[in-house]
2 protein chains.
Amino acid sequence: MQTLERSGGGMSERRRVRLRLEISREAARLFWEQGVAATSGDQIAEAVGLSTRTIWRHFRSKESCAEPIVLQAVVNLLTVLRSWPRQSSLEEHLAVELDRFRHEAPPVDLADEMLAMRMIRLADTEPALRTAWLMACDQAERAMRLIIADRLDRPADDLEVRMHAEAAAAVVRVLDEHIGATVLTGADLAELTGATAVARRYAHAIRTATGGVVGDPVA
Amino acid sequence: MQTLERSGGGMSERRRVRLRLEISREAARLFWEQGVAATSGDQIAEAVGLSTRTIWRHFRSKESCAEPIVLQAVVNLLTVLRSWPRQSSLEEHLAVELDRFRHEAPPVDLADEMLAMRMIRLADTEPALRTAWLMACDQAERAMRLIIADRLDRPADDLEVRMHAEAAAAVVRVLDEHIGATVLTGADLAELTGATAVARRYAHAIRTATGGVVGDPVA
DNA sequence: GCATAATGCGTCACTTAGTGACATGCTGTC
DNA sequence: GACAGCATGTCACTAAGTGACGCATTATGC
(Lines give C-alpha, C1' and ligand atoms only; values in the text may rest on other atoms or scores of the structure.)
Protein backbone atom coordinates (compact mmCIF):
# COMPACT_ATOMS: atom_id res chain seq x y z
CA MET A 1 0.00 0.00 0.00
CA GLN A 2 2.66 2.47 0.99
CA THR A 3 5.61 0.91 -0.74
CA LEU A 4 6.05 4.16 -2.62
CA GLU A 5 6.77 5.95 0.60
CA ARG A 6 9.81 3.84 1.21
CA SER A 7 12.78 6.07 0.65
CA GLY A 8 15.65 5.92 3.05
CA GLY A 9 15.40 5.81 6.80
CA GLY A 10 12.41 8.12 7.28
CA MET A 11 9.87 5.68 5.99
CA SER A 12 7.11 5.81 8.57
CA GLU A 13 7.16 9.57 8.79
CA ARG A 14 4.96 10.15 5.77
CA ARG A 15 2.55 7.46 6.83
CA ARG A 16 2.29 9.07 10.21
CA VAL A 17 1.47 12.43 8.69
CA ARG A 18 -1.15 10.95 6.41
CA LEU A 19 -2.78 9.05 9.23
CA ARG A 20 -2.82 12.10 11.45
CA LEU A 21 -4.50 14.03 8.69
CA GLU A 22 -7.04 11.28 8.24
CA ILE A 23 -7.90 11.30 11.93
CA SER A 24 -7.96 15.07 11.87
CA ARG A 25 -10.54 15.10 9.10
CA GLU A 26 -12.96 12.92 11.01
CA ALA A 27 -12.37 14.78 14.24
CA ALA A 28 -12.96 18.13 12.58
CA ARG A 29 -16.13 16.88 10.97
CA LEU A 30 -17.46 15.65 14.30
CA PHE A 31 -16.40 18.81 16.11
CA TRP A 32 -18.29 20.86 13.58
CA GLU A 33 -21.38 18.68 13.56
CA GLN A 34 -21.87 18.23 17.28
CA GLY A 35 -19.39 20.44 19.08
CA VAL A 36 -16.10 19.64 20.73
CA ALA A 37 -17.40 18.79 24.18
CA ALA A 38 -20.01 16.43 22.78
CA THR A 39 -17.42 14.55 20.74
CA SER A 40 -15.62 11.80 22.60
CA GLY A 41 -12.34 10.15 21.80
CA ASP A 42 -14.23 6.92 21.26
CA GLN A 43 -16.39 8.55 18.63
CA ILE A 44 -13.39 9.85 16.71
CA ALA A 45 -11.77 6.44 16.90
CA GLU A 46 -14.88 4.75 15.61
CA ALA A 47 -15.33 7.27 12.81
CA VAL A 48 -11.84 6.68 11.52
CA GLY A 49 -11.92 2.95 12.19
CA LEU A 50 -9.21 2.69 14.80
CA SER A 51 -9.12 1.88 18.48
CA THR A 52 -9.29 4.73 20.93
CA ARG A 53 -5.86 3.88 22.23
CA THR A 54 -4.37 4.44 18.82
CA ILE A 55 -5.90 7.89 18.62
CA TRP A 56 -4.06 8.88 21.79
CA ARG A 57 -0.91 7.44 20.33
CA HIS A 58 -1.09 9.95 17.52
CA PHE A 59 -2.52 12.94 19.37
CA ARG A 60 -1.73 14.16 22.84
CA SER A 61 -5.25 15.50 23.38
CA LYS A 62 -8.69 15.60 21.89
CA GLU A 63 -8.47 19.18 20.69
CA SER A 64 -5.09 18.65 19.11
CA CYS A 65 -6.82 16.29 16.70
CA ALA A 66 -7.88 19.42 14.88
CA GLU A 67 -4.35 20.69 14.45
CA PRO A 68 -3.28 19.02 11.19
CA ILE A 69 -6.34 20.16 9.30
CA VAL A 70 -5.97 23.67 10.66
CA LEU A 71 -2.29 23.72 9.89
CA GLN A 72 -3.07 23.05 6.26
CA ALA A 73 -4.84 26.37 6.14
CA VAL A 74 -1.62 28.26 6.70
CA VAL A 75 0.79 25.91 5.02
CA ASN A 76 -0.32 27.14 1.64
CA LEU A 77 0.76 30.74 2.04
CA LEU A 78 3.86 29.61 3.82
CA THR A 79 5.18 27.48 0.98
CA VAL A 80 4.51 30.35 -1.36
CA LEU A 81 6.48 32.69 0.86
CA ARG A 82 9.34 30.25 1.13
CA SER A 83 9.88 30.40 -2.61
CA TRP A 84 9.95 34.19 -2.65
CA PRO A 85 12.94 35.18 -4.78
CA ARG A 86 14.99 38.09 -3.52
CA GLN A 87 14.64 40.14 -6.65
CA SER A 88 10.86 40.37 -6.73
CA SER A 89 8.49 42.34 -4.60
CA LEU A 90 6.00 40.70 -2.31
CA GLU A 91 3.07 41.83 -4.43
CA GLU A 92 4.54 40.41 -7.63
CA HIS A 93 5.50 37.12 -6.12
CA LEU A 94 2.19 36.50 -4.39
CA ALA A 95 0.20 37.46 -7.48
CA VAL A 96 2.19 35.09 -9.69
CA GLU A 97 2.09 32.18 -7.29
CA LEU A 98 -1.53 32.47 -6.28
CA ASP A 99 -2.46 32.72 -9.92
CA ARG A 100 -0.51 29.57 -10.68
CA PHE A 101 -2.73 27.66 -8.27
CA ARG A 102 -5.70 28.66 -10.32
CA HIS A 103 -4.61 26.68 -13.38
CA GLU A 104 -2.15 24.22 -12.08
CA ALA A 105 -1.84 22.53 -8.72
CA PRO A 106 -4.60 22.61 -6.15
CA PRO A 107 -2.38 23.13 -3.10
CA VAL A 108 -4.61 21.42 -0.59
CA ASP A 109 -7.93 19.70 -1.08
CA LEU A 110 -10.86 22.09 -1.16
CA ALA A 111 -12.86 20.00 1.30
CA ASP A 112 -9.94 20.20 3.70
CA GLU A 113 -9.82 23.95 3.35
CA MET A 114 -13.50 24.17 4.18
CA LEU A 115 -12.98 22.00 7.22
CA ALA A 116 -10.11 24.22 8.31
CA MET A 117 -12.22 27.34 7.96
CA ARG A 118 -14.90 25.72 10.05
CA MET A 119 -12.41 24.90 12.75
CA ILE A 120 -11.11 28.45 12.74
CA ARG A 121 -14.66 29.61 13.04
CA LEU A 122 -15.33 27.20 15.89
CA ALA A 123 -12.19 28.45 17.58
CA ASP A 124 -14.03 31.68 18.16
CA THR A 125 -16.36 30.09 20.65
CA GLU A 126 -14.55 26.93 21.68
CA PRO A 127 -11.46 27.83 23.69
CA ALA A 128 -10.15 24.31 23.32
CA LEU A 129 -9.99 24.72 19.56
CA ARG A 130 -8.58 28.20 19.80
CA THR A 131 -5.42 26.54 21.03
CA ALA A 132 -5.12 24.48 17.88
CA TRP A 133 -5.51 27.57 15.75
CA LEU A 134 -3.02 29.56 17.76
CA MET A 135 -0.58 26.65 17.59
CA ALA A 136 -0.88 26.60 13.84
CA CYS A 137 -0.22 30.32 13.76
CA ASP A 138 2.74 29.72 16.00
CA GLN A 139 4.14 27.36 13.39
CA ALA A 140 3.48 29.97 10.76
CA GLU A 141 5.35 32.53 12.77
CA ARG A 142 8.36 30.25 13.05
CA ALA A 143 8.46 29.80 9.30
CA MET A 144 7.93 33.51 8.81
CA ARG A 145 10.91 34.19 11.01
CA LEU A 146 13.20 32.20 8.76
CA ILE A 147 11.91 33.88 5.64
CA ILE A 148 12.28 37.36 7.04
CA ALA A 149 15.68 36.62 8.53
CA ASP A 150 16.85 35.53 5.12
CA ARG A 151 15.40 38.62 3.48
CA LEU A 152 17.03 41.00 5.90
CA ASP A 153 20.30 39.10 6.10
CA ARG A 154 19.99 38.80 9.84
CA PRO A 155 19.97 35.91 12.28
CA ALA A 156 16.60 34.27 12.85
CA ASP A 157 16.67 34.88 16.58
CA ASP A 158 17.24 38.60 16.16
CA LEU A 159 14.73 40.60 18.15
CA GLU A 160 13.73 42.79 15.22
CA VAL A 161 13.27 39.78 13.01
CA ARG A 162 11.08 38.14 15.61
CA MET A 163 8.92 41.22 15.94
CA HIS A 164 8.48 41.56 12.21
CA ALA A 165 7.66 37.87 11.94
CA GLU A 166 5.11 37.95 14.75
CA ALA A 167 3.49 41.04 13.36
CA ALA A 168 3.33 39.56 9.88
CA ALA A 169 1.93 36.30 11.20
CA ALA A 170 -0.63 38.25 13.19
CA VAL A 171 -2.04 40.15 10.25
CA VAL A 172 -2.10 37.02 8.14
CA ARG A 173 -4.07 35.40 10.93
CA VAL A 174 -6.59 38.22 10.91
CA LEU A 175 -6.94 38.04 7.15
CA ASP A 176 -7.36 34.27 7.27
CA GLU A 177 -10.01 34.53 9.96
CA HIS A 178 -11.77 37.22 7.99
CA ILE A 179 -11.68 35.35 4.73
CA GLY A 180 -12.73 32.15 6.44
CA ALA A 181 -15.70 33.83 8.05
CA THR A 182 -16.65 35.42 4.75
CA VAL A 183 -16.50 32.16 2.87
CA LEU A 184 -18.53 30.36 5.51
CA THR A 185 -21.34 32.88 5.48
CA GLY A 186 -21.44 32.36 1.75
CA ALA A 187 -22.19 35.96 1.02
CA ASP A 188 -19.87 38.54 -0.36
CA LEU A 189 -17.52 36.24 -2.20
CA ALA A 190 -16.96 38.99 -4.70
CA GLU A 191 -14.38 40.70 -2.56
CA LEU A 192 -12.02 37.79 -2.75
CA THR A 193 -12.30 36.82 -6.36
CA GLY A 194 -9.19 37.39 -8.34
CA ALA A 195 -5.80 36.14 -7.26
CA THR A 196 -4.20 39.53 -7.70
CA ALA A 197 -6.69 41.19 -5.39
CA VAL A 198 -6.03 38.63 -2.67
CA ALA A 199 -2.30 38.87 -3.28
CA ARG A 200 -2.45 42.61 -2.91
CA ARG A 201 -4.27 42.38 0.38
CA TYR A 202 -1.83 39.95 1.93
CA ALA A 203 1.13 41.84 0.60
CA HIS A 204 -0.14 45.17 1.83
CA ALA A 205 -0.92 43.75 5.25
CA ILE A 206 2.53 42.22 5.68
CA ARG A 207 4.24 45.30 4.37
CA THR A 208 2.36 47.52 6.78
CA ALA A 209 2.83 45.24 9.78
CA THR A 210 6.57 45.21 9.28
CA GLY A 211 6.78 48.93 8.90
CA GLY A 212 7.62 48.57 5.22
CA VAL A 213 10.75 46.60 5.94
CA VAL A 214 9.47 43.40 4.36
CA GLY A 215 8.05 43.66 0.88
CA ASP A 216 10.55 45.18 -1.47
CA PRO A 217 13.07 43.29 -3.55
CA VAL A 218 16.49 43.02 -1.98
CA ALA A 219 19.92 43.01 -3.56
CA MET B 1 -12.76 39.91 56.24
CA GLN B 2 -13.93 41.27 52.93
CA THR B 3 -16.46 43.81 54.17
CA LEU B 4 -14.47 46.46 52.37
CA GLU B 5 -15.18 44.86 49.05
CA ARG B 6 -18.87 45.52 49.40
CA SER B 7 -19.81 48.16 46.86
CA GLY B 8 -22.97 47.81 44.88
CA GLY B 9 -24.32 44.74 43.22
CA GLY B 10 -21.05 43.31 41.93
CA MET B 11 -19.81 42.28 45.31
CA SER B 12 -18.63 38.74 44.79
CA GLU B 13 -16.85 39.65 41.61
CA ARG B 14 -13.84 41.16 43.33
CA ARG B 15 -13.63 38.30 45.77
CA ARG B 16 -13.69 35.87 42.90
CA VAL B 17 -10.85 37.68 41.19
CA ARG B 18 -8.77 37.77 44.34
CA LEU B 19 -9.34 34.12 45.03
CA ARG B 20 -8.48 33.18 41.48
CA LEU B 21 -5.28 35.15 41.79
CA GLU B 22 -4.47 33.42 45.07
CA ILE B 23 -4.95 30.01 43.51
CA SER B 24 -2.97 31.11 40.49
CA ARG B 25 -0.01 32.07 42.64
CA GLU B 26 0.23 28.67 44.24
CA ALA B 27 -0.33 26.88 40.96
CA ALA B 28 2.35 28.92 39.23
CA ARG B 29 4.78 28.26 42.03
CA LEU B 30 4.17 24.53 41.82
CA PHE B 31 4.33 24.51 38.03
CA TRP B 32 7.68 26.23 38.20
CA GLU B 33 9.09 24.05 40.94
CA GLN B 34 8.08 20.65 39.66
CA GLY B 35 6.62 21.08 36.20
CA VAL B 36 3.04 21.17 35.00
CA ALA B 37 2.56 17.47 34.43
CA ALA B 38 3.91 16.60 37.86
CA THR B 39 1.52 18.99 39.56
CA SER B 40 -1.92 17.60 40.32
CA GLY B 41 -5.13 19.43 41.02
CA ASP B 42 -5.08 17.98 44.50
CA GLN B 43 -1.68 19.49 45.14
CA ILE B 44 -2.82 22.94 44.09
CA ALA B 45 -5.89 22.62 46.26
CA GLU B 46 -3.84 21.60 49.26
CA ALA B 47 -1.31 24.37 48.72
CA VAL B 48 -4.00 27.03 48.71
CA GLY B 49 -6.02 25.35 51.45
CA LEU B 50 -9.17 24.56 49.52
CA SER B 51 -10.86 21.41 48.38
CA THR B 52 -10.07 20.13 44.92
CA ARG B 53 -13.66 20.55 43.90
CA THR B 54 -13.46 24.25 44.63
CA ILE B 55 -10.44 24.61 42.39
CA TRP B 56 -12.44 23.26 39.48
CA ARG B 57 -15.22 25.62 40.36
CA HIS B 58 -12.89 28.53 39.74
CA PHE B 59 -10.85 27.16 36.87
CA ARG B 60 -11.95 25.09 33.93
CA SER B 61 -8.64 23.25 33.68
CA LYS B 62 -5.33 22.77 35.43
CA GLU B 63 -3.33 24.87 33.03
CA SER B 64 -5.81 27.71 33.14
CA CYS B 65 -4.84 28.11 36.80
CA ALA B 66 -1.83 29.99 35.47
CA GLU B 67 -3.89 32.49 33.53
CA PRO B 68 -4.56 35.18 36.15
CA ILE B 69 -0.93 35.51 37.11
CA VAL B 70 0.10 35.62 33.47
CA LEU B 71 -2.61 38.09 32.65
CA GLN B 72 -1.17 40.47 35.21
CA ALA B 73 1.94 40.67 33.11
CA VAL B 74 0.10 42.37 30.29
CA VAL B 75 -2.50 44.25 32.27
CA ASN B 76 0.07 46.80 33.28
CA LEU B 77 0.85 48.08 29.82
CA LEU B 78 -2.78 47.83 28.91
CA THR B 79 -4.03 50.15 31.63
CA VAL B 80 -1.34 52.57 30.63
CA LEU B 81 -2.47 52.46 27.03
CA ARG B 82 -6.08 52.92 27.98
CA SER B 83 -5.28 56.26 29.54
CA TRP B 84 -3.44 57.47 26.46
CA PRO B 85 -4.72 61.00 25.77
CA ARG B 86 -5.32 61.85 22.15
CA GLN B 87 -3.04 64.86 22.13
CA SER B 88 0.16 63.12 23.16
CA SER B 89 2.41 60.80 21.22
CA LEU B 90 2.90 57.21 22.23
CA GLU B 91 6.49 57.82 23.26
CA GLU B 92 5.59 60.71 25.53
CA HIS B 93 2.71 58.96 27.16
CA LEU B 94 4.54 55.73 27.85
CA ALA B 95 7.57 57.54 29.20
CA VAL B 96 5.49 59.60 31.59
CA GLU B 97 3.38 56.72 32.81
CA LEU B 98 6.15 54.20 33.21
CA ASP B 99 8.15 56.77 35.07
CA ARG B 100 5.24 57.39 37.40
CA PHE B 101 5.36 53.76 38.45
CA ARG B 102 8.91 54.24 39.58
CA HIS B 103 8.00 56.68 42.34
CA GLU B 104 4.40 56.10 42.93
CA ALA B 105 2.26 53.03 42.59
CA PRO B 106 3.74 49.59 42.13
CA PRO B 107 1.24 48.40 39.52
CA VAL B 108 1.41 44.73 40.40
CA ASP B 109 3.41 42.97 43.06
CA LEU B 110 6.99 42.29 42.07
CA ALA B 111 6.79 38.67 43.19
CA ASP B 112 3.79 38.24 40.94
CA GLU B 113 5.67 39.69 38.02
CA MET B 114 8.48 37.24 38.59
CA LEU B 115 6.02 34.40 38.69
CA ALA B 116 4.46 35.61 35.47
CA MET B 117 7.82 35.75 33.75
CA ARG B 118 8.51 32.22 34.89
CA MET B 119 5.23 31.05 33.46
CA ILE B 120 5.96 32.76 30.16
CA ARG B 121 9.30 31.08 30.19
CA LEU B 122 7.74 27.71 30.96
CA ALA B 123 5.30 28.28 28.14
CA ASP B 124 8.21 27.85 25.79
CA THR B 125 8.54 24.19 26.60
CA GLU B 126 5.15 23.32 28.11
CA PRO B 127 2.48 23.51 25.42
CA ALA B 128 -0.21 23.42 28.08
CA LEU B 129 1.05 26.68 29.51
CA ARG B 130 1.55 28.23 26.13
CA THR B 131 -2.19 28.32 25.89
CA ALA B 132 -2.47 30.43 29.02
CA TRP B 133 0.05 32.87 27.66
CA LEU B 134 -1.60 33.06 24.28
CA MET B 135 -4.96 33.56 25.96
CA ALA B 136 -3.55 36.46 27.94
CA CYS B 137 -2.21 37.95 24.73
CA ASP B 138 -5.60 37.42 23.21
CA GLN B 139 -7.11 39.52 25.97
CA ALA B 140 -4.44 42.11 25.33
CA GLU B 141 -5.33 42.19 21.69
CA ARG B 142 -8.98 42.77 22.47
CA ALA B 143 -8.13 45.74 24.64
CA MET B 144 -5.71 46.98 22.03
CA ARG B 145 -8.47 46.86 19.47
CA LEU B 146 -10.63 49.25 21.47
CA ILE B 147 -7.77 51.64 22.05
CA ILE B 148 -6.77 51.73 18.40
CA ALA B 149 -10.35 51.98 17.22
CA ASP B 150 -10.79 55.02 19.41
CA ARG B 151 -7.56 56.54 18.17
CA LEU B 152 -8.44 56.10 14.53
CA ASP B 153 -12.10 56.99 14.93
CA ARG B 154 -13.15 53.72 13.43
CA PRO B 155 -15.34 50.85 14.62
CA ALA B 156 -13.60 48.21 16.71
CA ASP B 157 -14.51 45.40 14.36
CA ASP B 158 -13.00 47.14 11.36
CA LEU B 159 -10.57 44.89 9.53
CA GLU B 160 -7.76 47.43 9.51
CA VAL B 161 -8.20 48.10 13.19
CA ARG B 162 -8.04 44.41 13.93
CA MET B 163 -4.87 43.98 11.93
CA HIS B 164 -3.19 46.90 13.64
CA ALA B 165 -4.28 45.60 17.02
CA GLU B 166 -3.04 42.09 16.38
CA ALA B 167 0.24 43.33 15.05
CA ALA B 168 0.72 45.64 18.02
CA ALA B 169 -0.19 42.88 20.45
CA ALA B 170 2.24 40.57 18.69
CA VAL B 171 5.24 42.83 19.03
CA VAL B 172 4.38 43.58 22.62
CA ARG B 173 4.31 39.85 23.18
CA VAL B 174 7.76 39.46 21.68
CA LEU B 175 9.12 42.27 23.78
CA ASP B 176 7.56 40.84 26.92
CA GLU B 177 8.99 37.42 26.22
CA HIS B 178 12.36 38.94 25.54
CA ILE B 179 12.38 41.07 28.66
CA GLY B 180 11.11 38.20 30.74
CA ALA B 181 13.84 35.90 29.49
CA THR B 182 16.44 38.57 30.11
CA VAL B 183 15.28 39.19 33.65
CA LEU B 184 15.21 35.49 34.44
CA THR B 185 18.74 34.86 33.29
CA GLY B 186 19.73 37.66 35.57
CA ALA B 187 22.35 39.00 33.23
CA ASP B 188 22.18 42.04 31.08
CA LEU B 189 19.72 44.03 33.11
CA ALA B 190 21.41 47.18 31.93
CA GLU B 191 19.53 47.23 28.67
CA LEU B 192 16.23 47.69 30.40
CA THR B 193 17.09 50.20 33.04
CA GLY B 194 15.45 53.52 32.59
CA ALA B 195 11.78 53.98 32.05
CA THR B 196 12.27 56.17 29.00
CA ALA B 197 14.39 53.56 27.27
CA VAL B 198 11.74 50.89 27.81
CA ALA B 199 9.03 53.30 26.77
CA ARG B 200 10.88 54.07 23.60
CA ARG B 201 11.24 50.42 22.73
CA TYR B 202 7.58 49.64 23.19
CA ALA B 203 6.51 52.77 21.40
CA HIS B 204 8.81 52.14 18.47
CA ALA B 205 7.68 48.55 18.19
CA ILE B 206 3.99 49.44 18.16
CA ARG B 207 4.54 52.31 15.77
CA THR B 208 6.41 50.07 13.35
CA ALA B 209 3.98 47.18 13.59
CA THR B 210 1.08 49.43 12.70
CA GLY B 211 2.88 50.95 9.79
CA GLY B 212 3.16 54.25 11.64
CA VAL B 213 -0.58 54.64 11.89
CA VAL B 214 -0.65 54.32 15.67
CA GLY B 215 1.72 56.52 17.61
CA ASP B 216 1.18 60.15 16.75
CA PRO B 217 -1.17 62.51 18.52
CA VAL B 218 -4.57 62.84 16.91
CA ALA B 219 -6.82 65.81 16.64
C1' DG C 1 -32.34 39.87 67.31
C1' DC C 2 -34.08 36.10 64.63
C1' DA C 3 -36.01 33.55 60.56
C1' DT C 4 -35.00 32.94 55.77
C1' DA C 5 -32.88 32.93 51.35
C1' DA C 6 -28.65 32.91 48.85
C1' DT C 7 -24.32 31.64 48.08
C1' DG C 8 -19.79 29.36 48.70
C1' DC C 9 -17.66 25.28 49.96
C1' DG C 10 -16.86 20.21 51.12
C1' DT C 11 -17.92 15.29 50.16
C1' DC C 12 -18.87 11.57 47.32
C1' DA C 13 -20.03 9.27 43.27
C1' DC C 14 -19.29 9.35 38.48
C1' DT C 15 -17.62 10.22 33.52
C1' DT C 16 -14.01 10.62 30.42
C1' DA C 17 -9.38 11.99 28.76
C1' DG C 18 -5.11 9.99 28.60
C1' DT C 19 -1.14 6.40 29.93
C1' DG C 20 1.38 1.90 30.80
C1' DA C 21 1.97 -2.85 30.03
C1' DC C 22 1.44 -6.65 27.43
C1' DA C 23 -0.43 -9.49 23.61
C1' DT C 24 -1.16 -9.88 18.69
C1' DG C 25 -0.78 -9.40 13.94
C1' DC C 26 1.23 -7.45 9.81
C1' DT C 27 5.42 -6.23 6.93
C1' DG C 28 9.65 -6.71 5.22
C1' DT C 29 14.34 -9.34 5.78
C1' DC C 30 17.54 -13.23 5.70
C1' DG D 1 9.83 -20.27 6.56
C1' DA D 2 11.87 -18.33 10.98
C1' DC D 3 12.52 -13.78 12.76
C1' DA D 4 12.86 -8.76 13.91
C1' DG D 5 10.31 -4.55 14.18
C1' DC D 6 6.57 -1.79 14.48
C1' DA D 7 1.75 -0.38 14.57
C1' DT D 8 -2.25 -1.61 16.65
C1' DG D 9 -5.73 -3.74 19.99
C1' DT D 10 -7.02 -4.93 24.87
C1' DC D 11 -7.23 -4.15 29.62
C1' DA D 12 -6.28 -2.01 33.79
C1' DC D 13 -5.26 2.23 35.80
C1' DT D 14 -4.51 7.45 37.00
C1' DA D 15 -6.09 11.92 37.00
C1' DA D 16 -8.95 15.74 35.21
C1' DG D 17 -13.25 17.49 35.61
C1' DT D 18 -18.69 17.36 36.61
C1' DG D 19 -23.23 16.67 39.12
C1' DA D 20 -25.81 16.25 43.13
C1' DC D 21 -26.48 17.01 47.73
C1' DG D 22 -25.70 18.76 52.37
C1' DC D 23 -23.69 22.07 55.45
C1' DA D 24 -22.10 26.49 57.02
C1' DT D 25 -21.55 31.29 56.59
C1' DT D 26 -23.45 35.50 55.27
C1' DA D 27 -26.84 39.01 53.64
C1' DT D 28 -31.73 40.51 53.91
C1' DG D 29 -36.47 41.24 55.75
C1' DC D 30 -39.07 42.02 59.71
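Computed from a predicted model, the values in this text were never measured in an experiment. In what follows, chains are A, B, ... by sequence order, proteins preceding strands, each numbered from 1.
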What I want to find out is whether Glu22(A) reaches Arg18(A) closely enough, with some N-O distance under 4.0 Å, to be called a salt bridge.
no
Nearest-nucleotide wise, let me know which of Ala37(A) and Leu19(B) is further upstream toward the 5' end of DNA chain C.
Leu19(B)
In Leu81(B), Ile179(B), Val80(B), Leu90(B), the residue satisfying side chain to side chain contact (heavy atoms under 4.5 Å, CB included) with Tyr202(B) is Ile179(B)
Can you see which heavy atom on Ile69(A) is nearest to which on Ala116(A), and at what distance?
O-CB, 3.4 Å
Taking only Lys NZ, Arg NE, NH1 and NH2, and the carboxylate oxygens of Asp or Glu, determine whether Arg145(B) and Asp157(B) approach each other closer than 4.0 Å.
no
Heavy atoms of other groups near Arg130(A) CZ, more than 12 under 6.0 Å:
yes
At a heavy-atom distance below 4.0 Å, what parts of residues 39-64 of chain B sit against DNA chain D?
Thr39(B), Ser40(B), Gly41(B), Arg53(B), Trp56(B), Arg60(B), Ser61(B), Lys62(B)
